[in-house]
Protein chains: 2
Amino acid sequence: MEKKTGKRAKGPTVRSVAERAGVSKSLVSLVMNGSKQVSEKRRDEVLKAARELGYRPNALARSLVSGRTNTVGVVISNVANPWWVALERGLSEELDRHGVRALLADPRMDPEVADGLVEAFLELRVDGMVFLGTQPVEEVARNASRVVPTVLTSFSRPIELPNVDCVNVDDEKGIALVLEHLCALGHRRIAYVDGSDRLVTSDNARLAAYLSQMERLGLSAEIRTDISDVPLNEDVGYDAARRLLGAEVPPTAIVAGSDLGALGILAAADDLGARVPQDLSVTGFDNTRLSSIRHVSLTTVDPNGREMGRLVAQCLAGRIESPDRPRRDELVEPSLVVRATTGPAPGR
Amino acid sequence: MEKKTGKRAKGPTVRSVAERAGVSKSLVSLVMNGSKQVSEKRRDEVLKAARELGYRPNALARSLVSGRTNTVGVVISNVANPWWVALERGLSEELDRHGVRALLADPRMDPEVADGLVEAFLELRVDGMVFLGTQPVEEVARNASRVVPTVLTSFSRPIELPNVDCVNVDDEKGIALVLEHLCALGHRRIAYVDGSDRLVTSDNARLAAYLSQMERLGLSAEIRTDISDVPLNEDVGYDAARRLLGAEVPPTAIVAGSDLGALGILAAADDLGARVPQDLSVTGFDNTRLSSIRHVSLTTVDPNGREMGRLVAQCLAGRIESPDRPRRDELVEPSLVVRATTGPAPGR
DNA sequence: CGCCGAAATTGGATCGTTACAAAACCGGCG
DNA sequence: CGCCGGTTTTGTAACGATCCAATTTCGGCG
């Protein structure tokens, strides 16, 4: 009847509000943006008209002219493994404070999908990008950083790009906390289990930390590692633990590079009849929800994700403000969460 | 030097590409959208110019005129509890197939944040919205559905709104699978543990299914429930199990309304010295990553999240096509995943 | 009463794209 | 050579907001 079929019903615009309130569209714009220099009277009239029409500003049009979207894209490497939740929370909270909103995207572990996703964000003209975790996105992140302010966080290995800020947990400190804890419990034969991303096995910060800290503690002779060439997961941890525990002189404690890996170790201990923590102590890394489950109660390192997220947001906000300022490389202090999987070394 | 300070560097536009290729901007637009009726020669010239300039179409401008963003907003009630992962994956995959991208948002369990998020999506003029899980978003979802095609999924209770599609797991079927499995193992004293969202305790579909199915199996006399008035989590499950197992004639099996609840039950059994599954069988619901951990190995119901996601996408795509078509209310068939927490009833 | 400066309001240009109708091109045919 | 039908190409008007310079309003003051 009143609308041409085929066209979708258009919502109210600044124009229709202006007509209804009997003012110019410029004034409506001023009111909607809370300008101080409009008279009380006009402001009320405009707001009333807007309410009556159910007016909602069109962010597309706004951003087109203003050049800012107040939106940042967050690419989460692997949504299935919820270590990122605390980080994302801190990030969003802090961004909120800057009037910016985070939109999340899941690349589904597929580099091509990741590519498309980032492309979509860039076409949307987001003000910045955050890459959360290495897996399928490293190359993509590189490219994005040439176009828009970018922050990387929780990459498993150091990345130095011009104009890109990085935020990471202090792996060295985290591993040190674990080893000191185990040492204090009398452990000496402490093994380390981890995986690696497909690209490089060489610079795994946690592994490096294990090696240097063992040395510092005078335990160089006890160093034993089992490093897979795929990312650490439960199965990888399980297999590694079976190998380590099957040795002639098995370790009394196993440190894993992630909570998931530690779970695999726990399962292996179960299967081999080793009691935790009486016969074997096990630690994880990340303090995911998994580790806090009563049935698991894993001693682990809390990377302080919320704080990391907050830092990421601050870096990003800063770089949006001044895109060419020198790069920041932040380390966040982790803490140790002692639960039920660590105890005194056997025979002590 | 060459750019006025203060202004952010503007990227190449359809106009600059046109100039460089020596054609009109209309033609550039046609080429970028893959129109069939441009000559080979022009097409190549334009593409070359675009490549050289690093041109990237501005989705804001495009959407402003076309009226479509090819983007849908997905609000995930609680990102921390990863039951939604499979669903989101199915959803995104299917949307991809329709040329639509999903942007996720985390309301952080805060209704106000949820409100702001949805408002932002609407201002971005997304083509549709998906609400994934009840918690803080129900009212918000109601409002959104008046403005834009909307699909609800995994709401804990049935919602009937005009023009809103719903996709859910068939709770009745899922509970039936569990009870039949336990019955076949010889269990009769099968208790049920669940929570509820703060709004309504009354219509919890899984609880209702438990009641009706127990009756169907001739076990009306054995019905025993422990329903909390907060959402089911590990602690709630733990407390419920302690109460149930402390009874004079304790159940030989406990069915939980979620995996997390089942984990609490497992922990309680542990603490009370009840062996699982020899003394007590336990089942969950959702088949989250948690349940598949070797150390847990929970028998649970798999809601077939991927399929649900796919259906959500189809509903949404359909409703974007024709916003006023009758509402669809889909149920997805779940399946039973038998792991290590269920076994023959004691003394059998 | 007329004029001043500050405050309030407005018109029109602009952002980067698509839509649409009009114009240019092109080979062949009468 | 002029004209015809069909394909290519182009100019111009949207889309819905913001920005900015120009204009109107207004209270007070000489």
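In the text below, chain A, chain B and the rest are named by the order of the sequence lines, each starting its count at 1.
- In this entry the distance linking CG of L60(B) with C1' of dA17(D) reads 12 Å, nearest Å.
- When each of dT10(D), dA17(D), dT18(C) is scored by its nearest atom to the side-chain atoms of T13(A), the top-ranked nucleotide is dA17(D).
- When each of A61(B) and S39(A) is assigned the nucleotide of DNA chain C bearing its nearest heavy atom, the one mapping closer to the 5' terminus is S39(A).
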Does the pair V23(B) and V46(B) meet the rule for a side chain to side chain contact (heavy atoms under 4.5 Å, CB included), with working shown?
CA-CA 8 Å; V23(B) 299; V46(B) 169; 4.0 Å; yes

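- One interatomic measurement links the two molecules: CG of L64(A) to P of dA14(D), which rounds to 17 Å at whole-angstrom precision.
- When distances run from any side-chain atom of L27(A) to the nucleotides dT10(C), dC15(C), dT8(D), the shortest one goes to dT10(C).
- Applying the 4.0 Å criterion to OP1 and OP2 of dT18(C), one finds that R62(B) has a side-chain N or O inside that range.
- An OP1 or OP2 oxygen of dT18(C) is reached within less than 4.0 angstrom by a side-chain nitrogen or oxygen of S29(B).
- The side chain of S26(B) contributes no N or O atom lying less than 4.0 Å from OP1 or OP2 of dA19(C).
- Look at R42(A) and you'll find a side-chain N or O under 4.0 angstrom from OP1 or OP2 of dT9(C).
- Interatomic distance, OG1 of T153(A) versus CG of L87(A), reported as 5.0 Å (0.5 Å rounding).
- Between atom CG of residue L117(B) and atom CG of residue L103(B) there is a gap of 11.0 Å, rounded to the nearest 0.5 Å.
- As a whole-Å value, the separation of Q37(B) CD from dT10(D) C1' is 13 Å.
- In this structure a side-chain-to-backbone donor-acceptor pair under 3.5 Å is present from R327(B) to V164(B).
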Can you give the donor-acceptor pairs under 3.5 Å from side chains of residues 47-63 of chain B to other protein atoms, not counting sequence neighbours?
from	atom 1	to	atom 2	distance (Å)
K48(B)	NZ	E52(B)	OE2	3.4
E52(B)	OE1	R20(B)	NH1	2.6
R56(B)	NH1	E119(A)	OE1	3.0
R56(B)	NH1	E119(A)	OE2	2.8
N58(B)	OD1	L60(B)	N	2.7
N58(B)	OD1	A61(B)	N	3.2
S63(B)	OG	A59(B)	O	3.0
S63(B)	OG	R68(B)	O	3.1

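- The shortest distance between the side-chain N/O atoms of N58(A) and the OP1/OP2 oxygens of dC15(D) is not below 4.0 Å.
- Within the 4.0 angstrom heavy-atom criterion, no nucleotide atom of any strand lies near V28(A).
- One can place CG of L30(A) at 20 Å from P of dG16(D), the figure rounded to the nearest angstrom.
- A close approach under 4.0 Å does occur between a side-chain nitrogen or oxygen of S24(A) and OP1 or OP2 of dT10(C).
- For P57(A), the side-chain atoms get nearest to dA17(D) when compared with the rest of dT9(C), dA8(C), dA17(D).
- Spacing between atom CD of E45(B) and atom C1' of dT8(D) amounts to 13 Å, rounded to whole angstrom units.
- The pair D110(A)-R89(B) does not count as a salt bridge, with every side-chain nitrogen at least 4.0 angstrom from each carboxylate oxygen.
- The side chain of K25(B) lies closest to dT12(D) when the candidates are dG16(C), dT12(D), dT14(C).
- In this entry the distance linking CD of E123(B) with C1' of dT18(D) reads 15 Å, nearest Å.
- S66(A) has no side-chain polar atom (N or O) that falls below the 4.0 Å cut-off from OP1 or OP2 of dA17(D).
- One can place CZ of R43(B) at 10 Å from P of dT8(D), the figure rounded to the nearest angstrom.
- Counting to the nearest Å, the C1' atom of dT17(C) and the CZ atom of R56(B) are 16 Å from each other.
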Under 3.5 Å, sequence neighbours excluded: what are the donor-acceptor pairs made by side chains of residues 28-39 of chain B?
from	atom 1	to	atom 2	distance (Å)
N33(B)	ND2	S29(B)	O	3.1
S35(B)	OG	Q37(B)	N	3.3
S39(B)	OG	R42(B)	N	3.4

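- End-to-end axis angle of the helix from dC1(C)-dG30(D) to dG30(C)-dC1(D), from C1' rotation axes over five pairs per end: 80° (rounded to 10 degrees).
- Around the CZ atom of R15(A), the shell of radius 6.0 Å holds no more than 12 heavy atoms that belong to other residues, nucleotides or ligands.
- You'll find that the side chain of Y55(B) is closest to dT17(C), out of dT10(C), dT17(C), dG16(D).
- At a threshold of 4.0 angstrom between heavy atoms, the contacts of V14(B) include nucleobase atoms, whether or not backbone atoms are also involved.
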